[in-house]
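Per chain, numbering begins at 1; letters A, B, ... match sequence-line order.
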Amino acid sequence: MTDQPASTATRSGHALELRGVSKTYGTTHALRSVDLDAAWERVLVLFGHNGAGKSTLLRVAAALVKPTAGSVTTAGFDADRHTQRVRAATGYAGHGTLLYDDLTPEENLRFYARLHGVPQPDERTGEVLRDVGAERWAHRRVRGLSNGMQKRVAIARALLHRPALLLLDEPDSGLDVQGQAFVETVVRAVADGGGAVVLSAHDPARGLAIADDFAVLRGGRIAATGEAASAAPDEVAALLSAPPINTSEGAA
Amino acid sequence: MRETLRAALTIYAKDVRLELRTRETLFSVLAFAFVVAFIFTFAFEPSPQLIASIGPGIVWVAWIFTAVLGMNRTFLLEHERGTLDGLRLAPVPREALYLGKLLSVVTLLVTVEALMLPAFLVLYDLSLFNVWFIAIALAATVGIAAVGTLFSAIAVHTRAREVLLPMLFLPVALPLLIGAVTGAREALDGEGWDGVGRWLQLIVAFDVVFLVLSSLVFEYVLEE
């Protein structure tokens, strides 16, 4: 991997800082007063069951969703005041691929590279396609590619503009062992290259294998945080299936 | 400004490429426009006097229904493909996203209108190849697209999106449509600037107001 994080990002402090972040959709509380930090050169894995708030947290961090309350600072930029800078410093790959089915991977990446103002978009597109091993099917329409291939291109799209912070929402889902190894390689390359990665995962064993740090989300609150090296998969699994937490338990 | 224009043209080029490849919007919208125009031939005997009187109205009814259908798909396709997030993640001014989509809508509508001109000639013996008529049509199309693009982005976040766009769009665009129909009639009656000019000025004034307001409001429409 050849990705170096965006040079505009500020390296002091944390890569991502959430302070008292809440998000409600109507009467549903997706996030409740979340405090969370992600450090530079480290991989933070978010664990949580479906509906725990993992996707909302990542969307808030990517400046795709405005929080109802609280503040988000990404790569040193306040997401509310410097939204464009946060978007420039962040690479996001969610559940959907964000790819146009009737364009080829190359056309998709070229489009997004131009939209992000990447210098020499054609060269960068070729470089990223090589990095994710998608050269061979770069000229086939996306709709004709397998789920695993599409996922690789989706991650390539998130890496195009050399983001300082990479946000991945369940990147392993639907991938075979090779695909999972690819995700691990990408994640490690970004963190080792000076950036930071926050990703969500269901499987504690798999997640802890990639993570430097972890956080457990339950009912929109942070139930636990810690270093991956000092946690066992069983402990994380127990935290995930614990009964709903009280407000006083929600400390990060 | 340069960054906004660059991003807008990037989105426009992508939309054109996708449409040329799939042709899904142009064909469905064009078929609809022909059907609307064709149905009117059964409603009355198209005598020259009657056509002179209601021809411009028929033309604009066909074009407006077509425009609503086409504009509805502008953000709907992005929403259904899940690519709307990809646009929203771009570190560019939101006006750029609006402008790019506006250019796509204008291109679609102008293409449909141009392809419909021979149909009106064949079905109603109504020649629309008139400089003033074309000026009115182009100016009104920009205004229609300006409002429609904004409301399409609003409607896409709702459940009743197919119904909501015409409900929002038609009342707001009504002054523009009145100017377009009346100006078109004056143009087809053989009037020059003296007859058509005031309607053209009215339409252009609405265009400016709609473009400025829509681009200012668009940022808030797009945020979740």
Side-chain angles (χ1 to χ4, degrees), chain A residues 6 8 23 25 30 55-56 58-68 74 77 79-80 82-104 107-118 121 141-143 150 154 157-158 160-161 163 167 169, chain B residues 1-27 73-101 103-104 153 156-159 218-224:
Chain A
T8 52
K23 179 65 187 177
Y25 294 100
S55 296
T56 304
L58 290 170
R59 289 173 71 80
V60 166
L64 266 173
V65 172
K66 277 186 189 262
T68 312
T74 304
F77 300 116
D80 198 37
H82 304 289
T83 314
Q84 305 298 26
R85 287 188 169 186
V86 167
R87 287 183 176 129
T90 308
Y92 170 85
H95 288 291
T97 61
L98 309 189
L99 302 173
Y100 294 89
D101 287 346
D102 289 299
L103 297 182
T104 66
E107 289 167 339
N108 267 290
L109 296 190
R110 210 176 274 169
F111 163 67
Y112 280 115
R114 289 189 177 133
L115 200 56
H116 279 261
V118 172
R141 287 194 198 188
V142 166
R143 69 166 66 250
Q150 290 190 18
R157 186 202 56 75
L160 262 178
H161 55 293
L167 303 164
D169 198 356
Chain B
M1 187 63 199
R2 201 172 160 184
E3 186 198 359
T4 302
L5 203 59
R6 178 190 54 75
L9 289 174
T10 301
I11 292 167
Y12 174 63
K14 180 269 298 174
D15 281 350
V16 170
R17 184 189 287 265
L18 269 174
E19 186 54 38
L20 287 174
R21 192 161 290 174
T22 62
R23 293 190 178 92
E24 55 185 288
T25 300
L26 180 64
F27 279 180
R73 296 179 67 78
T74 310
F75 282 98
L76 188 61
L77 287 177
E78 299 280 1
H79 182 71
E80 285 175 352
R81 291 170 181 142
T83 47
L84 195 54
D85 278 350
L87 299 180
R88 294 169 65 227
L89 282 167
V92 295
R94 304 294 92 169
E95 293 89 338
L97 307 185
Y98 173 75
L99 187 60
K101 284 295 177 187
L103 289 172
S104 305
V156 82
H157 294 297
T158 65
R159 283 183 192 171
F218 194 72
E219 179 177 355
Y220 303 100
V221 170
L222 217 57
E223 301 300 337
E224 261 186 49

Worksheet item: Among B:R6, B:R21, B:R17, B:E3, which has the most heavy-atom pairs under 4.5 Å with chain A?
Response: B:R21
Item to complete: For B:D85 and A:R59, work out which heavy atoms get closest and say how close.
Response: OD2-NH1, 2.8 Å
Worksheet item: Do you know the tightest heavy-atom contact between A:Y100 and A:N108?
Response: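 Between these two residues, the closest heavy atoms are N-OD1, 2.8 Å.
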Worksheet entry | chain A contact via B:I11 - side chain, backbone, both or neither, heavy atoms under 4.5 Å | both
Fill in: Short N-O contact, A:R143 and A:D102, less than 4.0 angstrom
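Yes.
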Item to complete: Just say parallel, tilted or perpendicular for the rings of B:Y98 and B:F218, cut-offs at 30° and 60°.
Response: tilted
Practice prompt. Counting only heavy atoms closer than 4.5 Å, note whether A:R110 contacts chain B via side chain, backbone, both or neither.
Written response: neither
